[in-house]
Number of protein chains: 2
Amino acid sequence: MHTTLDELFSALSDNTRRKILIMLLEDDMAVTDVADPFDMSLPAISKHLSILSNAGLITQEKRGRVNWCKLEPDGLRDASVWMLGFGQFDIVDIESLEKLIETHIDLTQAN
Amino acid sequence: MHTTLDELFSALSDNTRRKILIMLLEDDMAVTDVADPFDMSLPAISKHLSILSNAGLITQEKRGRVNWCKLEPDGLRDASVWMLGFGQFDIVDIESLEKLIETHIDLTQAN
DNA sequence: TCCATATTTAACCATATGGTTAAATATGGA
DNA sequence: TCCATATTTAACCATATGGTTAAATATGGA
């Protein structure tokens, strides 16, 4: 799925959508369940979800009546590649990056 | 300068603005010079620049008639912290990250 | 002093965005 | 078959966004 950086960053520029992404980090969710914590109508959430889909940040799979929303792990890739490729590598200090890498390696080896 | 993630991602969601940031990676520039490569009016560029300022991605310093635009190195920090903290660490594969870190360390030691 | 240069501000416009409510659609289950 | 549940679509609305041109502002320099 080819999406533009415009779509990606724009999808990320809304706090509701960022919260949804974080919720989906836990587990796949039905649209109704995604909507639950928000003080907002179901159609509004439905629209946010299609924006996230179009940006490649989630996928949706309809099983029966339920449309399951699933985080798309590679969705952020283009955005982060842009940011890293941007060259301002100090965006995160080296130390915490190395810590993250170690964590990642640990997790990998735990599998 | 406290800016929201909304402002940050939203500022990054426009290709003109991303191009401007990359231009400023080279060197500080006057507003007129920033505008030059774009097929767009000066006021339009001026607006883009204030959006980038408000998002904390650049700073502007007026010297004489000229308003110098300068990349704000830490501007991307909050956005990238969000993306990394998001947990999907595979956004960039470990290998290229390590390569980047090495490059960075080389550059640091070259100073 | 007066013109040129650099930039922003004002007023405007078309389209996008993020929300609403009401209606439509599709599936599940008694 | 018929109602309930899950979700989307349609129509609408207010405000934001990204552009325009014309005018205003401020500084530099002859």
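This one's a predicted model, so the numbers in the text were calculated from it and none came from an experiment. Order of the sequence lines sets the chain letters (A, B, ...), proteins ahead of strands, with each chain counted from 1.
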Does any non-hydrogen side-chain atom of Trp82(B) lie less than 4.5 Å from one of Arg77(B)?
no
Set out, in order, the CA-CA distance, both residues' side-chain angles and the distance that settles side-chain contact (heavy atoms from CB on, under 4.5 Å) for Leu57(A) and Leu71(A), then state yes or no.
CA-CA 6 Å; Leu57(A) 288 163; Leu71(A) 203 60; 5.9 Å; no
Hits for side-chain hydrogen bond (donor to acceptor under 3.5 Å, both in side chains) against Asn15(B), two or more places apart or cross-chain, chain-then-number order -> Arg18(B)
N/O donor to acceptor pairs below 3.5 angstrom from side-chain atoms of residues 41-48 of chain A, sequence neighbours left out:
from, atom 1, to, atom 2, distance (Å)
Ser41(A), OG, Ala44(A), N, 3.3
His48(A), ND1, Arg17(A), NH1, 3.1

Whole-Å distance between dT8(D) P and Leu49(A) CG?
7 Å
Decide side-chain contact (heavy atoms from CB on, under 4.5 Å) for Trp68(A) and Lys62(A); before the verdict, give the C-alpha distance in whole Å, the side-chain angles of both, and the deciding distance to 0.1 Å.
CA-CA 6 Å; Trp68(A) 292 94; Lys62(A) 199 148 202 168; over 6 Å; no
With the sugar-phosphate defined as primed atoms, P, OP1 and OP2, and the base as all remaining atoms, what B/S/- string results for nucleotides 15-30 of chain C, 5' to 3', for protein heavy atoms under 4.0 Å?
---SBBBB----BS--
Could you tell me which residues satisfy side-chain hydrogen bond (donor to acceptor under 3.5 Å, both in side chains) with Glu61(B), sequence neighbours excluded, listed by chain and number?
Arg63(B)
Atom pair distance, as rounded to whole Å: CG in Asn67(B) and P in dT9(C):
10 Å
So what is the 5' to 3' dot-bracket string for DNA chain D, if pairs are Watson-Crick or G-U wobble with both distances under 3.5 Å, crossing pairs use [ ] and | means the partner sits on another strand?
||||||||||||||||||||||||||||||
Write down the atom of Gly75(B), the atom of Leu8(B), and the distance for their closest heavy-atom approach.
O-CD2, 3.4 Å
Would you please name every residue forming a side chain to side chain contact (heavy atoms under 4.5 Å, CB included) with Lys70(B), sequence neighbours left out?
Asp28(B), Thr59(B)
